[in-house]
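To start, the structure itself, in structure tokens.
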Amino acid sequence: MAEEAPPHDPYSLLVRTIRTSIRDAVSSAYDVDEPVEVPVDPEPPVEDADVATPVALSLAKEVGEEPRRVAETILEESDLDEVVLVDEARVEGPGYINIRLNRPQYAALVLRSVFYYGEEYGSLDLGMGRPAILEHTSANPNGPLHIGHGRNAIIGDILARCMVFTNYDVEVQYYVNDMGKQIAMLAWKYIKEGRPEVPEGRKPDEFFGELYAEAAREIEEDPELEEVVERFLRSYERYLLEEESRAERIAEAFQTVVEECLRGHIETLERLRVAHDRFVYESEFVEDAVEIVEKLVEMGAAEERDDGAVVLDLEDYGIDKELVLTRSDGTTLYTTRDIAYHLWKLGRAAFVIDVLGADHKLAVQQLKAALDLLDADPDRVDVIFYEFIHLPEGSMSTRKGRYVTLDEFLDEAKRRALEKMREAGVAEDLDEEEREEIAENVAIGAVRFAIARVSPNKPIEFDWDEALDFRRGGPFIQYAYARARSILRRADEDVQRFDAAHLDDDHSFELVFRMSMFPRQVAQCVRKRRPDILAEYAYELARAFHTFYEEVPVLHAEDEEVRKARLKLVEAFTIVMENVMNLLGVPALERM
RNA sequence: GGGCCGGCAGCUCAGUCUGGACAGAGCGCGGGCCUUCGGAGCCCGUGGUCCCGGGUUCAAAUCCCGGCCGGCCCA
């Protein structure tokens, strides 16, 4: 007889079992119209209970009885005692039902799931293969990526990894803003400086970032230059629409600075292990944008102002601010092209996700309103906003040349990792190159985790020491994994049969329980679009392991059977941890 | 002036959507743990008017109203 496949999500199975049992008890004991909500708390603040539910408290009022009395009745009526995963259920406090799990049973179930699904453990089928386009990073190619862009990239990248893992057909796009005013400023400066080559050994985006900041300063000092820059922009747009050969020189300048900066961005993103499937250029949508404006005018939704600008009135959507679609000189605006881009995306995927800074909130409202007018479904566009990262001296600004680049952040993290390795005397047997590689991977983990762990709608005050506090960051997680791997290396044996009943001590079971929460946490991360949930989970899982490691001997276990069970637990932990780390993009290291 | 987001321990944050037990972590500070698997670790302790004021509720950090402070966007 073939063994039945274990559950993908053991914790949810447990919760469902408890819920069903309690619901049945409630409906047989009380006269309630609808099945009751049964909230389950995985971390009750009491000794000797693994999960709890306050269901009797809310039910008490409805049925007009004392909460404790209700809880007692539920327990009497329910078959919780017979549930194989439950050891004991009792009423405590004001009327909580506290449940102690049958630890051997639950541990066996969880480990079976982990080993059965392996690197697929945690991958629930949330997406059912639906195609989605996820756009993130999309920084202006007028300077290097700074840590603010990093927040965008990392939120987007983790979400992309989680969505692929949960069976969405994801295409990750980078929207290259290759024709805004900033690019025009840079193109102007580039020509003015005689089209300089990027000096040997310099990152192109950093080089052009400095040029851009200089351009910004010059233009600020001499407002007449504004007109020149605007002429550049007009020329380029006309070039794109009509292939006007006179503008060829200008077009070439735009394209050169964009390509060079983008090259630098990609280099940085690769280092950070952030990948895009496709780069889409804003300039590709100029024609579509013009057509959209015509259509909106035809529909009577947009109209030409006295100065020749075409504007869209969005008061029906509760937006007081009218949206300018074309300037008085006839050129389109960023948002106009963005409408075209989104229509294109919506035509290619079931839904679209954008990761954007909180400063785009109004623009997105306008975009969605415009999409609605054009008969596209704005609800298929889901935007994740993140708040800014501030430096002690103020908000970051490419224009002012005030920023901490992602490369600087990584370099500093790496420097600290190497220092720590020297201090601790680890990996001394390895050569310089191997040590460097380890430090680089620790740096990647530290940087990604530092940014990922804060919820997107929280503003961040950047502080080096805090961001690179290895004690509560990526390295903490990597270290847990390395410790586990170290045990497995030393044991050097492949345990086949073991008895999970030996894992019922508090620390082992806490680890088992945490591992069982993984599929649930991935799902939460995807549904709520909150990578920080997964980062927090990784931290808790690592903490559970560190405690286990300190408190529970594995190789020196008191008994051969216990040793086998614990070895399997450690192995299972490495599987789950590796899965989490893959989703977070935090490198899993054998040694560090 | 309007809109959105944040405000919780000295500091950095989770918990708020879906209201429930003494509000949780990390850092800091004080104390302990290497003759057993890697001390980037673990354990114990310390520390809180959950911004303020009202309201709803048996029960509010959580929901509602008003205000204050900070960030962002718009005029």
Side-chain angles (χ1 to χ4, degrees), chain A residues 37-41 43-46 49 52-58 60-61 64 66-67 92-96 98 318-323 357-366 385-390 394-395 416-417 419-421 423-427 442 445-446 450 453-463 465-491 507 524 527-528 530 532-533 535-537 539-540 542-543 545-558 563 566-567 570 589-592:
Chain A
E37 283 287 313
V38 184
V40 173
D41 177 5
E43 290 176 87
V46 285
T53 173
V55 63
L57 277 74
S58 46
K61 186 173 184 184
E66 288 284 308
E92 280 174 333
Y96 288 92
N98 288 339
I319 304 169
D320 300 335
K321 175 81 186 131
E322 62 188 9
L323 177 61
D359 54 337
H360 288 77
K361 282 186 182 178
L362 177 64
V364 168
Q365 275 192 315
Q366 294 172 325
F385 292 107
Y386 61 92
E387 293 290 331
F388 279 32
I389 301 181
H390 295 271
S395 46
R416 293 186 190 205
E419 191 179 288
K420 184 73 202 174
M421 284 167 75
E423 242 173 63
V426 293
V442 170
R453 69 178 232 226
V454 184
S455 79
N457 56 3
K458 203 94 157 184
I460 296 179
E461 283 284 341
F462 186 76
D463 176 274
D465 290 329
E466 192 214 307
L468 293 177
D469 184 352
F470 289 177
R471 284 168 296 197
R472 210 239 120 137
F476 179 86
I477 288 155
Q478 292 172 312
Y479 186 48
Y481 178 81
R483 278 178 138 183
R485 293 296 311 167
S486 171
I487 289 178
L488 297 177
R489 266 199 313 276
R490 282 173 148 273
H507 300 301
Q524 294 268 309
R527 289 205 183 101
K528 296 184 180 175
R530 291 259 313 268
D532 61 301
I533 290 176
E536 186 68 19
Y537 171 72
Y539 177 75
E540 274 164 11
R543 189 150 53 111
F545 181 79
H546 280 306
T547 298
F548 164 82
Y549 180 93
E550 298 282 350
E551 303 290 331
V552 184
V554 177
L555 299 176
H556 309 280
E558 58 274 22
R563 175 187 144 102
R566 288 180 183 162
L567 265 175
V570 173
L589 302 171
E590 282 289 316
R591 307 179 59 178
M592 61 182 280

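Convention: sequence-line order gives letters A, B, ...; per-chain numbering from 1.
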Hey, is the side chain of A/Asn98 pairing donor to acceptor with the base of B/A21 inside 3.5 Å?
-> yes
Is the shortest side-chain N to carboxylate O distance from A/Glu423 to A/Lys420 below 4.0 Å?
-> yes
So, is A/Arg453 close to the B/U12 phosphate, meaning a side-chain N or O under 4.0 Å from OP1 or OP2?
-> no
In terms of heavy-atom contacts, does CD of A/Glu590 have more than 12 from other residues, nucleotides or ligands at under 6.0 Å?
-> yes
Would you say the side-chain atoms of A/Arg566 pair up with the backbone N or O of A/Pro553, donor to acceptor, closer than 3.5 Å?
-> yes
Rounded distance in Å - CG (A/Asp465) to P (B/C27) | 14 Å
B/G47 and B/A25, which share atom name C1', separated by this distance in whole Å = 14 Å
Could you please name the option among B/G26, B/C13, B/G38 that lies closest to any side-chain atom of A/Val454?
-> B/C13
Assign A/Arg527 to base, sugar-phosphate, or nothing according to its heavy-atom contacts below 4.0 angstrom with the strands shown.
-> nothing
So what does A/Ala491 hit on the nucleic acid, given a heavy-atom distance under 4.0 Å: a base, only sugar-phosphate, or nothing?
-> nothing
Contact state string [nucleotides 67-75 of chain B, B base, S sugar-phosphate only, - no protein heavy atom under 4.0 Å] = ----SSSSS
Distance between the C1' atoms of B/A60 and B/G28, in whole angstroms?
-> 31 Å
Watson-Crick/G-U partner (both atom distances under 3.5 Å) of B/C29 | B/G45
For atom C1', what is the distance between B/G48 and B/G15, given to the nearest Å?
-> 15 Å
Would you mind checking if A/Glu536 and A/Arg530 are paired as a salt bridge, meaning a charged N to carboxylate O distance below 4.0 Å?
-> no
Taking 4.0 angstrom as the limit, do A/Arg416 and A/Asp469 come out as a salt bridge?
-> no
Rounded interatomic separation in angstrom, taking OH from A/Tyr539 and P from B/G24 = 16 Å
Touch check for A/Glu558, heavy atoms < 4.0 angstrom, all strands: base, sugar-phosphate only, or nothing?
-> nothing
Looking across every strand, which nucleic acid part, if any, lies under 4.0 Å from A/Val570 by heavy atom: base, sugar-phosphate, or nothing?
-> nothing
Would you mind classifying the nucleic acid contact of A/Phe476 as base, sugar-phosphate or nothing, using non-hydrogen atoms under 4.0 angstrom?
-> sugar-phosphate
For nucleotides B/A23 and B/C50, find the distance between their P atoms and express it as a whole number of Å.
-> 10 Å
Whole-Å distance separating the CD atom of A/Glu466 from the P atom of B/C27 = 13 Å
Would you say a side-chain N or O of A/Ser486 is under 4.0 Å from OP1 or OP2 of B/C37?
-> no
Any strand: nucleotide that pairs with B/C37 via Watson-Crick or wobble, under 3.5 Å | none
Would you say a side-chain N or O of A/Thr547 is under 4.0 Å from OP1 or OP2 of B/G41?
-> no
Measure across A/Pro67 and A/Ala56 and return the closest heavy-atom pair with its distance rounded to 0.1 Å.
-> O-CB, 3.7 Å
For A/Lys361 and A/Glu387, which heavy atoms make the closest approach, and how far apart are they?
-> NZ-OE2, 4.2 Å
Hey, does the Lys NZ or Arg CZ of A/Arg472 hover above the aromatic six-ring of A/Tyr539, less than 6.0 Å from the centre and inside 45° of the axis?
-> yes
Expressed in whole Å, how much space separates the P atoms belonging to B/G55 and B/A9?
-> 25 Å
If you look at every strand shown and take non-hydrogen atoms under 4.0 Å, does A/His556 touch a base, only sugar-phosphate, or nothing?
-> base
Tell me whether B/C34 sits syn or anti, counting syn as a glycosidic angle within 90° of 0.
-> syn
Just wondering, more than 12 heavy atoms not from A/Glu461 lying within 6.0 Å of its CD?
-> yes
Got a list of protein N/O to nucleotides 28-32 of chain B N/O distances below 3.5 Å?
from  : atom 1 : to       : atom 2 : distance (Å)
B/G28 : OP1    : A/Arg471 : NH1    : 2.9

Give one of base, sugar-phosphate or nothing for A/Val552, where a contact means two heavy atoms less than 4.0 Å apart.
-> base
A/Leu57 atom CG is separated from B/U18 atom C1', nearest whole Å, by 16 Å
Does B/G39 have OP1 or OP2 sitting under 4.0 Å from an N or O in the side chain of A/Arg483?
-> yes
Minimum-distance pair of heavy atoms, taken over all atoms of A/Met592 and A/Leu589 = CB-CD1, 4.1 Å
Where the side chain of A/Pro45 is concerned, which of B/C27, B/G6, B/C22 is the nearest nucleotide?
-> B/C22
To the nearest Å, give me how far apart OH (A/Tyr537) and C1' (B/G15) are.
-> 18 Å
Within-4.5 Å side-chain heavy-atom neighbours: A/Val454 and A/Asp532 | no
Mate of B/U16 across any strand shown (Watson-Crick or G-U wobble, both atom pairs under 3.5 Å) is none
5'-most by nearest nucleotide on RNA chain B - A/Asp320 or A/Leu589 = A/Asp320
What's the shortest heavy-atom distance between A/Ala467 and A/Ala450, and which atoms?
-> O-CB, 3.3 Å
Per nearest nucleotide of RNA chain B, the residue lying toward the 5' end, A/Glu461 or A/Ile487, is A/Glu461
Under 4.0 angstrom, heavy atoms only, what part of the nucleic acid is A/Pro44 near: base, sugar-phosphate, or nothing?
-> base
Rounded to whole angstrom units, what separation is found between the CG atom of A/Leu488 and the C1' atom of B/G38?
-> 14 Å
Would you tell me if any nitrogen or oxygen in the side chain of A/Ser58 comes within less than 4.0 Å of OP1 or OP2 on B/G19?
-> no
In whole angstrom, what separates A/Tyr549's OH from B/C33's C1'?
-> 14 Å
Nearest whole angstrom, please: distance from the C1' of B/A14 to the NZ of A/Lys458.
-> 8 Å
A/Thr53 (side chain) donor-acceptor with A/Pro39 (main chain) under 3.5 angstrom | yes
What are the two closest heavy atoms between A/Phe385 and A/Pro456, and how far apart are they?
-> O-CB, 3.6 Å
Quote, to the nearest angstrom, the C1' distance that separates B/G31 from B/U49.
-> 30 Å
Considering only side-chain heavy atoms of A/Lys420, which listed nucleotide, B/A40, B/G6, B/G38, is closest?
-> B/A40
Distance, C1' atom - from B/C69 to B/C33, rounded to whole angstrom | 45 Å
Provide the Watson-Crick or G-U wobble partner of B/G70, both distances under 3.5 Å; none if there is no partner.
-> B/C5
Would you mind classifying the nucleic acid contact of A/Glu551 as base, sugar-phosphate or nothing, using non-hydrogen atoms under 4.0 angstrom?
-> sugar-phosphate
Expressed in whole Å, how much space separates the P atoms belonging to B/G2 and B/G67?
-> 9 Å
If you check every side-chain atom of A/Val426, which of B/A40, B/G38, B/U57 has the closest atom?
-> B/G38
